[in-house]
Amino acid sequence: KFDLSVFDIFNTFKAGATLVCFDWNKKRDENNKHSDYVKLMKREKATVIYTTPSTFISLMNRGGLAESKLNLREAMYAGEPFPTPQLRKLQQAIPHTRIANIYGPTETNIITYYWVDKIPNDDTAVPLGNVVEDTEILVVSEDQQRICNPNELGELWCRGGTVTIGYLGMAEKTKENLVLSPFHKFPTYFWRTGDFGYQDESGCLHYRGRKDHMVKVKGFRIEIGEIEVALSAFNDLDEFVVVAIPDDKYGNRLYCYYSILKNKKVNSMQIIDYLKTKIPEYMIPFKFTEMDILPKTSSGKVDRVLLTTLVKEYE
């Protein structure tokens with residue numbers, strides 16, 4: 001089961017609340033799927049929702065979230081970064097709902113939280129925030145020899161009561177990620193998350209992307225999330241994702257898959273012209289492919305792995 005379900009199920013029961021489940025497998029018109037989701041929340045008077053940014057965006061764009069008067073008291077998101085312009089739209093869609101950014105890879109479950117109050121006007125990413133109880137997070141240098149200084153980028157290492165003891169039947173992969181800390185006087189193991197970020201002077205954690213989302217193109221180091229943040233401010237797009245494919249000539253080639261909002265017309269040249277005003281030209285994807293709906297993983301996130309394998313099919 002996806003790790004978010006552990007939080008959903010057991011925290012709901014511990015609080016004495018009612019767990020409302022939506023049947024994604026029920027046969028229905030694809031156009032009605034997300035509107036049915038919103039109608040369920042309204043009918044059951046749901047007060048808390050916890051899901052992925054991709055799902056929130058679909059509920060806004062295809063489910064009528066902004067037009068429905070819901071009883072939502074809190075909305076929490078996790079699983080992937082929420083592009084700031086899209087997060088601003090969510091805040092406007094549910095203005096009386098408190099929103100929280102929850103962070104934690106599957107192997108660690110939830111390890112940070114941040115209540116979103118004011119969203120930066122410059123579209124700076126919302127912080128990961130504060131560490132939860134019974135958890136310690138270190139920001140470690142690339143050579144794994146020291147703890148980073150404030151505002152210095154490094155890999156996030158984590159230990160605590162919710163951190164996994166390893167992958168079942170995958171001893172070598174576990175050994176790569178579960179490492180003995182060289183920074184403690186007593187033996188303790190940390191999980192290398194593969195996520196990069198930094199801690200500011202106040203101790204607040206900030207996310208800057210996954211190791212496998214930081215690639216080189218034409219000799220330039222690129223963080224794919226920066227391109228997706230730029231795309232998120234293009235108002236007529238519904239969903240989008242950028243994937244990198246290794247290339248002998250350029251190091252990597254970037255491919256963008258996207259869908260557009262209902263009753264809108266967009267072509268790739270319009271997107272390219274817009275991106276030229278936001279990011280350097282070497283960051284603009286090599287090819288743009290429009291899809292009706294982007295494929296999702298079982299947890300509701302855009303399936304980057306599948307889209308990477310489809311690149312040759314769309315060539």
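Everything numeric here is computed off the predicted structure, so don't read it as measured data. Values reported hereafter were calculated over all heavy atoms of this structure, with side chains retained and with hydrogens, waters and symmetry mates removed.
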**Student:** State whether the side chain of T47 and the backbone N or O of N71 hold a donor-acceptor pair below 3.5 Å, judged by distance alone.
**Tutor:** no

**Student:** Find out whether I49 and F56 are in side-chain contact, i.e. whether some heavy atom of one side chain is under 4.5 Å from a heavy atom of the other.
**Tutor:** yes

**Student:** Is the count of non-hydrogen atoms from other residues, nucleotides or ligands lying under 6.0 Å from F10 atom CZ greater than 12?
**Tutor:** no

**Student:** Take E44 and K39, measure what salt bridge (Lys or Arg N to Asp or Glu O under 4.0 Å) needs, and give me the verdict at the end.
**Tutor:** CA-CA 9 Å; E44 298 296 331; K39 289 175 182 176; over 6 Å; no

**Student:** More than 12 non-hydrogen atoms from neighbouring residues, nucleotides or ligands closer than 6.0 Å to CG on N121, yes or no?
**Tutor:** no

**Student:** Could you state whether M214 and I224 fall into the same hydrophobic cluster, counting links through intermediate Ile, Leu, Val, Met, Phe, Trp or Tyr residues with side-chain heavy atoms under 4.5 angstrom apart?
**Tutor:** no

**Student:** With a 6.0 Å cut-off (strictly less than), is the heavy-atom count around NZ of K278, excluding the residue itself, greater than 12?
**Tutor:** no

**Student:** Are any of the side-chain heavy atoms of P150 and D200 separated by less than 4.5 Å?
**Tutor:** no

**Student:** Let me confirm one number: the CD1-CG distance from I111 to N130, rounded to the nearest 0.5 Å.
**Tutor:** 12.5 Å

**Student:** Consider only side-chain heavy atoms of I, L, V, M, F, W and Y, link residues closer than 4.5 Å, and tell whether L275 and Y282 are in one cluster.
**Tutor:** yes

**Student:** Give the ring-plane orientation class for Y207 versus Y103, where under 30° counts as parallel, over 60° as perpendicular and anything between as tilted.
**Tutor:** tilted

**Student:** Which distance, rounded to the nearest 0.5 Å, do you find between the OG of S232 and the CG of L237?
**Tutor:** 9.0 Å

**Student:** Flag the pair Y37 / L59 as yes when at least one side-chain heavy-atom distance between them is below 4.5 Å, and no otherwise.
**Tutor:** yes

**Student:** Could you check if a side-chain atom of F240 sits within less than 4.5 angstrom of a side-chain atom of V242, using non-hydrogen atoms only?
**Tutor:** no

**Student:** Return the minimal non-hydrogen interatomic distance between A75 and T97, and the atom names on each side.
**Tutor:** N-CG2, 3.6 Å

**Student:** In terms of the angle between their ring planes, are Y77 and F82 parallel, tilted or perpendicular, with boundaries placed at 30° and 60°?
**Tutor:** perpendicular

**Student:** Can you list every pair that meets salt bridge (Lys or Arg N to Asp or Glu O under 4.0 Å) and has a residue in residues 173-199, with sequence neighbours left out?
**Tutor:** E155-R192, D195-R210

**Student:** Taking the side chain as everything from C-beta on, heavy atoms only, tell me whether L70 gets closer than 4.5 Å to L65.
**Tutor:** yes

**Student:** Tell me every residue that passes side-chain contact (heavy atoms from CB on, under 4.5 Å) with Q91, counting only those two or more places apart in sequence or in another chain.
**Tutor:** I99, V116, I119

**Student:** Do you know the tightest heavy-atom contact between V139 and L153?
**Tutor:** CG1-C, 4.5 Å

**Student:** Please determine whether the number of non-hydrogen atoms from other residues, nucleotides or ligands lying under 6.0 Å from atom CD of E142 exceeds 12.
**Tutor:** no

**Student:** Contact between T308 and V305 at the side-chain level, heavy atoms closer than 4.5 Å - yes or no?
**Tutor:** no

**Student:** For F286 and Y255, I'd like to know if the aromatic rings sit close, meaning centre-to-centre distance below 6.0 Å.
**Tutor:** yes

**Student:** CG of L19 to OG1 of T12: how many Å apart, nearest 0.5 Å?
**Tutor:** 5.0 Å

**Student:** So, for A78 and I102, which heavy atoms are closest and what is the spacing to 0.1 Å?
**Tutor:** CB-O, 3.1 Å

**Student:** Would the Y113 and W115 ring centres measure less than 6.0 Å apart?
**Tutor:** no

**Student:** Does the salt bridge (Lys or Arg N to Asp or Glu O under 4.0 Å) test come out yes or no for E80 and K301, once each step is laid out?
**Tutor:** CA-CA 7 Å; E80 58 188 345; K301 297 185 286 187; over 6 Å; no

**Student:** Atom OG in S35, atom CG in L40: separation rounded to 0.5 Å?
**Tutor:** 11.5 Å

**Student:** Checking R208 against E226 for the salt bridge (Lys or Arg N to Asp or Glu O under 4.0 Å) test, could you report, in this order, the C-alpha distance in whole Å, the side-chain angles of both residues, the deciding distance, and whether it holds?
**Tutor:** CA-CA 9 Å; R208 281 297 175 268; E226 292 183 28; over 6 Å; no

**Student:** Any side-chain to backbone donor/acceptor pair from S141 onto R146? Under 3.5 Å, distance only.
**Tutor:** yes

**Student:** May I have the step-by-step check of side chain to side chain contact (heavy atoms under 4.5 Å, CB included) for T289 and C256, ending in yes or no?
**Tutor:** CA-CA 6 Å; T289 301; C256 175; over 6 Å; no

**Student:** Checking side chain to side chain contact (heavy atoms under 4.5 Å, CB included) for the pair Y114/L128: CA distance, chi angles, key distance, verdict?
**Tutor:** CA-CA 6 Å; Y114 180 81; L128 296 181; over 6 Å; no

**Student:** F183 vs W157 aromatic rings, parallel, tilted or perpendicular, using cut-offs 30° and 60°?
**Tutor:** tilted

**Student:** If the threshold is 4.0 Å, N to carboxylate O, is there a salt bridge linking R304 and E228?
**Tutor:** yes

**Student:** Does E223 reach the main-chain N or O of G225 with its side chain, forming a donor-acceptor pair under 3.5 Å?
**Tutor:** yes

**Student:** Check step by step if ring pair (Phe, Tyr, Trp, His ring centres under 6.0 Å) holds for F196 and H213.
**Tutor:** CA-CA 10 Å; F196 281 76; H213 291 177; over 10 Å; no

**Student:** More than 12 non-hydrogen atoms from neighbouring residues, nucleotides or ligands closer than 6.0 Å to CG on D29, yes or no?
**Tutor:** yes

**Student:** Taking 4.0 angstrom as the limit, do K262 and D238 come out as a salt bridge?
**Tutor:** no

**Student:** Could you tell me the separation between the OH atom of Y198 and the CG atom of L156, rounded to the nearest 0.5 Å?
**Tutor:** 12.0 Å

**Student:** Without hydrogens or angle criteria, can the side chains of E290 and S259 be said to hold a donor-acceptor pair below 3.5 Å?
**Tutor:** no

**Student:** Can you tell me how far CD of E152 sits from CD of Q199, rounded to the nearest 0.5 angstrom?
**Tutor:** 12.0 Å

**Student:** Does a side-chain heavy-atom distance below 4.5 Å link L254 with I245?
**Tutor:** no

**Student:** Run through the side-chain heavy atoms of Ile, Leu, Val, Met, Phe, Trp and Tyr, join any pair under 4.5 Å, and report what else lands in M170's cluster.
**Tutor:** V163, Y167, L178, L180, Y189, W191

**Student:** For the CD atom on E201, are there more than 12 heavy atoms of other groups (residues, nucleotides or ligands in this structure) within a distance under 6.0 Å?
**Tutor:** yes

**Student:** Would V126 and L87 satisfy side chain to side chain contact (heavy atoms under 4.5 Å, CB included), going step by step from the backbone distance to the final call?
**Tutor:** CA-CA 9 Å; V126 169; L87 181 57; 3.5 Å; yes

**Student:** For the residue pair T55 / T52, report whether a side-chain donor-acceptor contact shorter than 3.5 Å exists.
**Tutor:** yes

**Student:** Hey, what's the ring geometry for F7 with Y50, parallel, tilted or perpendicular (30° and 60° as the breaks)?
**Tutor:** perpendicular

**Student:** If you define the side chain from C-beta out and look only at heavy atoms, does anything of T84 sit under 4.5 Å from Q86?
**Tutor:** no

**Student:** Look only at the side chain of N101 and the backbone of P127, and say whether a donor-acceptor pair between them is shorter than 3.5 Å.
**Tutor:** yes

**Student:** What closest approach, in Å, do L306 and D303 show between heavy atoms, and which atom pair accounts for it?
**Tutor:** N-OD1, 3.0 Å

**Student:** Is a donor on one side and an acceptor on the other found under 3.5 Å between the side chain of K249 and the backbone of D247?
**Tutor:** no

**Student:** Any idea which heavy atoms bring A244 and V215 closest together, and the distance?
**Tutor:** CB-CG1, 3.9 Å

**Student:** Looking at K264, is its backbone amide N or carbonyl O close enough to the side chain of D236 to form a donor-acceptor pair, meaning the two atoms are under 3.5 Å apart?
**Tutor:** no

**Student:** Please step through side chain to side chain contact (heavy atoms under 4.5 Å, CB included) for the pair Y257 and L310, ending with a clear verdict.
**Tutor:** CA-CA 10 Å; Y257 294 91; L310 292 179; 4.2 Å; yes

